[in-house]
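As the structure is a computational prediction, the values presented were derived from the model and not from experiment. Here is how names work: the chains are called A, B, and so on, in the same order as the sequence lines, proteins then strands, and each is numbered from 1.
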Amino acid sequence: MRTGADFAEVYAEDKSNTSAGFDDGRIEQVTSGRDRGAGIRVIAGDTTGFAHTADLSEAGLVAAASAAAAAASQGGGGVRNVSLTQAPIHRPNTIVHLPESIAKARKVELLQRMNEAARSYGPEIVQVSAGYGDSLKRTLVANTDGVFATDEIIRTLLRISAVADGDSGMQTGYQSMGHTVGFEIFDTVDVEELARDAARQAITKLLARPAPSGAMPVVIKNGSGGVLFHEACGHGLEADLVAKDSSVYAGKVGQLVANPLVTLVDDGTMPGEWGTLGYDDEGHITQRNTLIQDGVLTDYMWDHIRARNAGRPGSGNGRRQSYQHLPMVRMTNTFVLNGPDTPEDIISSTPNGVYVAKLGGGSVNTATGDFVFGMTEAYLIEDGKITEPLREGNLIGNGPKVLRDIDMLANDFAMGNPGTCGKDGQGVPVGDGQPTLRVKELTIGGTAA
Amino acid sequence: MSAFESELQAVADRVIAQAKPGEQVEAFVTRGGETDVRIYQGAVEHFVSAQSEGIGIRVISEGRTGFAYAGTLDESAISEVLAEARDNVQFGESDEWAALAEPDGVSITEQSLWNDALAEYPTDEKIDLAKKLEKLASGQDPRVRVDDSNYADAHGESAVASTSGIRMSGRENGCYVSVSTLADEGEGDDAETQTGFGFSVGRSPHEFDLEKAAREASERATRLLGATKPSTRRTTVVFDPMVTAQFLGVISSTLNGEAVVKGRSLFKDRLGDSVAAANVTLIDDPTNTKAYSATDVDGEGLAARRNVLIENGVLQQFVHNSYSARRAGTVSTGNATRGGFAGTPGVGCLALSLVPGLRSQAEIISDIDDGLLVQSMQGLHSGVNPISGDFSTGAAGLLITNGEVGAPVREFTIASTLQRMLQDIIEIGGDIEWLPMRASGLSLVIRDVTMSGS
């Protein structure tokens with residue numbers, strides 16, 4: 001660092017991946033990919049300069065560093081020596097089989113088995129597509145604050161989508177599984193069961209009636225609704241948005257922001273989960289952070305720079321999509337802890353409402369708190385019982401209001417499906433989870449009266 | 001692409017020269033860079049300068065396809081990519097229609113996709129543009145502050161070569177400015193914030209309209225202040241041009257030839273049927289130079305062309321790449337899409353547009369007694385299923401009462417089905433506007449949509 005900057009960082013990444021796509025009765029294609037490169041960040045005052053290169057030679061790195069420093073502007077300055085001690089290895093996950101040690105034939109065979117299972121589930125299934133993916137990413141990050149850490153993350157992902165055809169048209173079902181471990185995950189995951197579940201959803205929806213419209217109680221099944229918290233408050237607790245006062249949760253630490261039943265945690269260390277890392281993408285060790293304790297907002301999530309500016313420790317939430325991207329504050333695995341109720345009690349004490357068994361994606365406007373999420377498998381609740389299936393639609397609510405409106409929380413916590421969280425054009429893998437819960441009132445985006 | 005003879009073409013040519021007998025090989029090579037400036041409160045928040053390159057190689061042998069890519073153009077890496085793609089061939093299952101595109105004799109409509117003025121545009125002026133936009137936006141209204149103001153540009157060159165005779169290279173560049181705003185009103189428990197955005201795009205920074213971007217960003221945020229949740233009812237909606245462009249993006253996936261041949265389009269058996277109101281004519285025309293996504297060739301190197309998809313409400317054709325066309329027993333419509341070197345070609349509309357009507361948005365609204373002007377939709381990826389046709393999204397906008405735009409509303413959904421919405425289009429505005437997406441916008445009026453609120 002010879003240009004008078006306050007901070008400089010190099011992040012290097014080497015990633016290899018294999019994916020296989022199955023559609024329309026056949027393995028369409030196996031793909032192998034390799035990406036490696038380095039991103040260099042230089043900060044002078046409030047200005048960040050960033051450049052990246054796929055050329056990892058000394059000349060390539062020096063060129064990128066010069067570009068980043070020039071971007072952060074300002075000449076002058078001297079040479080500062082920084083002593084780096086490599087941080088100890090932190091590997092929350094235990095890996096048995098590296099992806100490259102497994103023959104591609106075994107990977108594609110999973111997809112063929114899933115196709116078979118989905119099509120055998122019922123004659124209504126007219127189309128099946130499925131995908132397998134694995135990756136190995138090694139990272140190194142070092143900065144002028146003395147951080148020097150390496151990490152290695154393995155990912156294994158499987159997804160399946162089924163189409164059923166009936167008198168009312170076509171319907172779809174989807175199921176997926178993703179973990180930060182190797183091929184050993186298939187010793188415990190029943191891939192045929194995933195496939196049958198996708199087929200069951202599609203066939204069930206052939207008889208679905210239009211979803212209701214208007215506001216009513218909504219019960220969300222365990223392990224399917226973590227995205228609710230991701231959107232209703234997770235993004236709003238990211239320190240970069242808070243710092244710019246573009247979050248409805250800015251200035252609310254210490255205040256009651258949710259029903260006292262709610263304790264919300266972001267934990268990058270959960271073994272095998274989709275959002276798990278050893279170190280975040282700025283070299284900060286991942287940890288368990290309690291964001292809301294018994295309804296009270298306890299802390300935001302932080303990246304290196306926002307924490308540094310605030311004179312406080314980071315929280316291990318500085319993440320980036322790849323070496324081509326600037327890090328920012330991101331969630332890891334975000335979940336709500338168990339409450340006192342049973343799922344049966346929640347349903348039986350709801351005279352009328354909607355039971356959501358599977359949620360799709362969602363999105364939030366953090367400044368207003370308005371968020372939506374899709375229900376891909378849902379049923380009516382009538383007289384305290386789950387009854388007819390509903391067609392798909394979005395639910396809409398306002399984050400701060402919904403957190404207060406959570407009035408029942410069960411004791412059946414489960415993690416959900418692997419997710420990709422998008423922010424400012426970057427996607428990163430995240431996990432979520434929750435027990436069965438009830439929101440007193442959400443607006444259902446259907447067409448029925 | 002087309003006229004620009006590049007070094008990348010030589011890279012692609014060298015790869016396909018290594019094809020073995022009986023093997024089809026395609027190499028797609030790209031190199032590019034981008035600048036991204038973000039201004040916050042008068043200072044540069046970040047300045048990103050990025051370069052990237054890569055190659056994707058597809059091999060087809062005995063109907064089996066294999067693919068590999070790498071984010072580098074090192075000669076040793078390219079050899080590995082070819083070897084990996086060949087290795088992957090053995091795991092693909094034989095598909096009688098699998099083959100690379102072949103030249104089809106359709107001539108290319110030349111376009112100027114490269115602008116020297118942008119390539120030479122000085123860094124300081126890029127920063128100044130974003131600063132100027134921030135100042136303009138924050139000066140529009142005392143209630144408005146700017147969340148971020150951005151300048152971005154990108155340039156890229158690409159080349160494709162295949163053993164089936166495709167050989168094409170070219171380059172293009174483009175730039176945009178954008179601004180996100182926050183409008184605040186009230187204090188304490190009554191404090192309220194709404195958000196807005198504005199942008200301007202061009203092949204050159206000289207084409208920007210900063211005033212318009214700033215004004216729209218301010219208006220979008222301030223006109224939602226005081227918004228309430230509307231009551232649930234069926235009503236007539238007017239989509240703002242930006243919303244219409246997003247809606248056309250959803251419709252385009254139902255007209256995708258690959259979805260059709262794999263049985264995933266709700267219009268798969270409807271060619272020749274009336275699928276939309278009689279005033280609806282929908283055209284995909286990437287040769288229209290006004291389109292932001294205009295291009296001269298598609299992702300397989302075939303000439304981009306004008307295709308009429310729906311004419312006076314009747315479904316005329318789907319869009320195809322060479323694979324989906326072969327399966328459907330037709331020819332490619334020049335609609336191969338490619339997301340970069342890391343993927344094989346898909347199918348998609350490239351520059352979709354409704355044929356515009358005659359009236360302005362204000363004239364249209366003046367005839368509506370009770371309705372809703374939709375300013376934004378939220379959750380298109382989660383509440384819309386182009387296979388079943390179910391349509392449900394979050395929305396924000398303004399109620400229309402007795403021909404006038406009135407109270408702002410938010411935190412509600414609008415819902416119908418895609419099939420019904422196309423039939424329920426009662427007017428198409430004359431206010432066509434090309435937007436930075438693969439569809440143009442204009443005001444679109446759809447009746448009998450469920451607005452779900454309190």
By a 4.5 Å heavy-atom criterion (distance strictly below it), what part of [X] contacts chain B: side chain, backbone, both, or neither?
X: A:Gln112; answer: side chain
X: A:Thr18; answer: neither
X: A:Ile444; answer: backbone
X: A:Val227; answer: neither
X: A:Val163; answer: side chain
X: A:Asp46; answer: backbone

Query raised in the report: Testing A:Ile396, A:Thr447, A:Thr443, A:Leu395 for side-chain contact (heavy atoms from CB on, under 4.5 Å) with B:Ser452, which one passes?
Result: A:Thr443

A side-chain contact here means heavy atoms from C-beta on lying under 4.5 Å apart; do [X] and [Y] qualify?
X: B:Ser94; Y: A:Arg26; value: no
X: A:Thr31; Y: B:Tyr69; value: yes
X: B:Glu45; Y: A:Thr47; value: no

**Report entry** B:Arg264/A:Asp24 salt bridge by N-O under 4.0 Å criterion
**Finding:**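 Salt bridge flag = no for B:Arg264 with A:Asp24.
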
Query raised in the report: Hey, is A:Glu28 close enough to B:Arg64 for a salt bridge, meaning N to O under 4.0 Å?
Result: no

Requested in this report: Enter the distance from B:Asp148:CG to A:Asp424:CG here, rounded to the nearest 0.5 Å.
Outcome: 7.0 Å

Report task. Would you give the length of the straight line joining atom CD of A:Gln29 to atom CG of B:Asp95, rounded to the nearest 0.5 angstrom? Result ->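 A:Gln29 CD to B:Asp95 CG: 11.0 Å, rounded to 0.5 Å.
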
Query - Between A:Asn398 and B:Glu411: side-chain donor-acceptor atoms closer than 3.5 Å - result: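 No, no side-chain donor-acceptor pair sits under 3.5 Å.
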
Query raised in the report: Does a donor on one side chain and an acceptor on the other come within less than 3.5 Å for A:Asn394 and B:Thr393?
Result: no

Query - Residue pair B:Phe91 / A:Ile27: nearest heavy atoms and the distance that separates them - result: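 Nearest pair, atom of B:Phe91 first, then A:Ile27: O-CG2, 3.3 Å.
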
Query raised in the report: Which atoms form the tightest heavy-atom contact between A:His52 and B:Ser52, and what is the distance?
Result: CE1-CB, 4.4 Å

Query raised in the report: Counting distance only, does the side-chain N/O of B:Ser388 pair as donor-acceptor with the main-chain N or O of A:Gln171 below 3.5 Å?
Result: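 Here the side-chain-to-backbone pair does not exist.
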
Query raised in the report: Counting heavy-atom pairs under 4.5 Å to chain A, which of B:Lys262, B:Glu192, B:Glu84 comes out on top?
Result: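 Greatest number of close heavy-atom pairs with chain A: B:Lys262.
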
Query - Verdict with supporting geometry, A:Lys244 and B:Arg145, side chain to side chain contact (heavy atoms under 4.5 Å, CB included) - result: CA-CA 11 Å; A:Lys244 281 189 165 185; B:Arg145 58 194 164 103; over 6 Å; no

